[in-house]
Trainee: 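Submitted below is the structure of interest, expressed as structure tokens.
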Amino acid sequence: MSNHSAGGSTDCVTRFAPSPTGHLHIGGARSALFCWAYAKRMGGRFMLRIEDTDAARSSDESARGIMEDLAWLGIEWDDGPSLTTRGGRVIGAQARDVGGYFQARRVPVYNRYIEQLVRAGRAYPAFETSEEIEAQRKAAVAAKQTYRYPRPTEIEFGVFNAALEARWTRACAGESHVIRFAAPREEIVVPDQVLGDVKIAAGELDDFVIRKGDGFPTYHFAVVIDDQTMGVTHVMRAQEHLANTPRHVALQRALRDEKTGEAFRTPGYAHMPLIFNMDGSKMSKRDKAKFARKAAKDAIAKDAAAKGRLVAGTGLPEKTITDFLAAETDAVEIAEKVGRFMNLTLPEVEVHDFRANGYIPEAIVNFLALLGWNPGMKTADGKDLEKFDMKFIAEHFSIERIGRTNAKFDRAKLLSFNGDAIGAMSDAEFAGRWRAWCEEFEPEFAKAVPAGGWETLGRAVKARAKTLRDGVRASAFLMLDDNSYPFDQAAVAKNLTASDGAGLKMVRTVRDRLADVEPFEAGIIHSILEQLAQQSGGMGAVAQPIRVAMTGSAVSPPLGETLAVLGKARTLARLDRCLRTMSV
RNA sequence: GGCCCCGUCGUCUAGCCUGGUUCAGGACACCACCCUUUCACGGUGGGUACAUGGGUUCGAAUCCCAUCGGGGUCACCA
């Protein structure tokens, strides 16, 4: 039996290793999900490691945000930093002790292995500045040649000779340097469980940097050391890393574990397909700027004055807006301000964006699982099985069924999944989750919902909401000022004043019937409307006039709930105002 | 450009490994109709794909090769 109670055994250990330089990208979330799923399926452990060796770009705030996003999705780690959820539960509480899950705190470990490599003649200090290297690289490119760092002639592969010792002494004395790996001149085979064996010819690798001038290891080095010392057995990541993997394999062959003295293991690799936008571009934060810019330019093309309104509406300096429109800057903050002012839904690229726009984690996780993986099962009626939950993924995930072809992220399908997931909730569950979301992301609206009104309103809105935010849109009637909301004139003409004011007469009738209703509940209101409908030529003749009178438009959720949530006083006030201000 | 990976409807994909049961199935999107108190929901139906060219074979989406196309990677970023 395993002595690790929280997760499974250490026979299988997968890891997700983000660098904390921003929010969790949706593609990263998929990587994490697959790693998690495989570990669960194998009864192993899923680890979260923070790769913060880029001191300039990393932040603890980002690390925390990433952990919260993962937790929100339901992707919880057995090993990694601990995170206390809102419910007070601690994720990572049973983590194994592997010497820290933040790479920046593991520098002494890396340095020991650096020295091991140097003394084995497999790594050496190099003293060129990055400017010098850059100049050489440019010259090579200009000459249409592939740049490879030329190994100094005095360095003998696999031998700690006098020249190397002299370099090492200079480095240890504090002279500015990097450490480079003496790459082997032999073919390297990366055994990949998705792609099969990927062979890289001898001489393709050059002596890449494994420790930077600032003393931190590079990604390539830290990954190899950590995966070995933390017992990682399976490395699953996006295909963009495939071309880096030979470096890792080469490093593994050159290193020995300082505890066991044995050569490093080569973990099982599985590189998964990449995810792109529908137009084939990379999904990036810049997509928000592109989207907002296009919308703004379109508006200005229609009406030149729109730019002035944009400046005023966003509160940004005119120069900032001008630069933004000219694509001088892709700043997310500007894009978001423009988006907010223009009432745009900017394209989501980070998990947090989806959350803020009203997506629910079950739908995201389900959709993500289908991007590059497929259970290959049928439902009872013979269709492809597409809808499933985390439990299913944990039970059925397999590397063999990971695809090889890149995928485009189809937001329309995600939206459909989200709508279905919302539709599958009970009314009570929807009401609870919708309310919690509104309180966090639409506090103004949340305040406007009367106490006890959430379930009634939720029932009215659930079927027409593909996102939680849609529920707010559908409830726009609630936010109207009872005495000044505008009327859609076409709707008024059609439903109120037409046929000699038949609609207005109906409003009058309904108003009088409603005045006595007690309690003012959706079901009761509905049955009253139904009665009237029977007496007067169908529900359309009753409902549409009321709808227009109550909301100013011909579109709203069902009237029983709409009126009930508004309450008797507001309902009568609105009907009265309509009667007062309108005539044939 | 060098090296590497990939190529089934607009998109995600099933089928490919173990060639025939597939003039290729599902889902999303789209269109039409039905239902209907508006908007939605739901129901029914429809169009659309094996990149191209060569092989192998009685037979190829499935095996082989070439071409074309897409992508990744070549940092003191991860």
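If you're wondering where the values come from, they're calculated on a predicted model, not measured in any experiment. Throughout, protein chains are lettered first and strands after them, A, B, ... in sequence-line order, and every chain is numbered starting at 1. Heavy atoms only: backbone and side chains are in, while hydrogens, waters and symmetry mates are out.
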Trainee: Using the ring of each side chain (for Trp, its six-membered ring), is Y485(A) parallel, tilted or perpendicular to F487(A), with breaks at 30° and 60°?
Mentor: tilted

Trainee: Using atom CG of L415(A) as one end and atom P of A27(B) as the other, report the distance to the nearest whole Å.
Mentor: 18 Å

Trainee: Nearest whole Å is fine: how far is A14(B) P from F388(A) CZ?
Mentor: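 Between P of A14(B) and CZ of F388(A): 12 Å.
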
Trainee: Could you please name the partner base of U38(B), counting Watson-Crick and G-U wobble pairs only when both distances are under 3.5 Å?
Mentor: none

Trainee: Apply the test side chain to side chain contact (heavy atoms under 4.5 Å, CB included) to residues F367(A) and L371(A): give CA-CA distance (whole Å), side-chain angles for both, the deciding distance (0.1 Å), then the verdict.
Mentor: CA-CA 7 Å; F367(A) 179 74; L371(A) 238 39; 4.0 Å; yes

Trainee: Tell me the interatomic distance from Q239(A), atom CD, to C6(B), atom C1', rounded to whole angstroms.
Mentor: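 These atoms are roughly 7 Å apart.
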
Trainee: Partners of R411(A) by side-chain contact (heavy atoms from CB on, under 4.5 Å), sequence neighbours excluded?
Mentor: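 Only N277(A), M283(A), P347(A), E348(A), V349(A), F409(A) meet the side-chain contact (heavy atoms from CB on, under 4.5 Å) criterion with R411(A).
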
Trainee: Nearest to the side chain of T405(A), heavy atoms from C-beta on, is which of G7(B), C77(B), G72(B)?
Mentor: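 Shortest atom-to-atom distance from the side chain points to G7(B).
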
Trainee: For a quick check, tell me whether the side chain of K413(A) and the base of A27(B) share a donor-acceptor pair closer than 3.5 Å.
Mentor: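 Answer yes: a donor N or O sits under 3.5 Å from an acceptor.
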
Trainee: Applying side chain to side chain contact (heavy atoms under 4.5 Å, CB included), run through L370(A) and K387(A) and close with a yes or a no.
Mentor: CA-CA 9 Å; L370(A) 252 8; K387(A) 297 295 176 65; over 6 Å; no

Trainee: Would you jot down, in residue-number order, the residues of residues 240-251 of chain A having a non-hydrogen atom under 4.0 Å from RNA chain B?
Mentor: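 Nucleic-acid contacts, sorted: E240(A), H241(A), L242(A), A243(A), N244(A).
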
Trainee: Should the pair D226(A)-R106(A) be classified as a salt bridge under the 4.0 Å nitrogen-to-oxygen rule?
Mentor: yes

Trainee: Is the base of C41(B) touched by the side chain of R464(A) through a donor-acceptor pair closer than 3.5 angstrom?
Mentor: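 Donor-acceptor pair under 3.5 Å: no.
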
Trainee: Considering every strand and a 4.0 Å limit on heavy-atom distances, what is the contact class for V209(A): base, sugar-phosphate, or nothing?
Mentor: sugar-phosphate

Trainee: Take atom CE of M272(A) and atom P of C6(B), then tell me their distance rounded to the nearest Å.
Mentor: 16 Å

Trainee: Please tell me if T53(A) has a side-chain N or O lying less than 4.0 Å from either OP1 or OP2 of C77(B).
Mentor: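 No, T53(A) has no side-chain N/O under 4.0 Å of OP1/OP2 on C77(B).
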
Trainee: Is R64(A) paired with E61(A) through a side-chain N to carboxylate O contact shorter than 4.0 Å?
Mentor: no

Trainee: Nearest 0.5 Å please: distance from the CZ atom of R464(A) over to the OG atom of S556(A).
Mentor: 8.0 Å

Trainee: Under a 90° cut-off about 0 for the syn range, is C41(B) syn or anti?
Mentor: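 Here the answer is syn: the torsion falls within 90° of 0.
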
Trainee: Determine which nucleotide pairs with U73(B), using a 3.5 Å limit on both distances of a Watson-Crick or G-U wobble pair.
Mentor: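 Per the H-bond distance test, G2(B).
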
Trainee: Does C23(B) have a Watson-Crick or wobble mate here (both distances under 3.5 Å), and if so which one?
Mentor: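 Across any shown strand, C23(B) pairs with none.
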
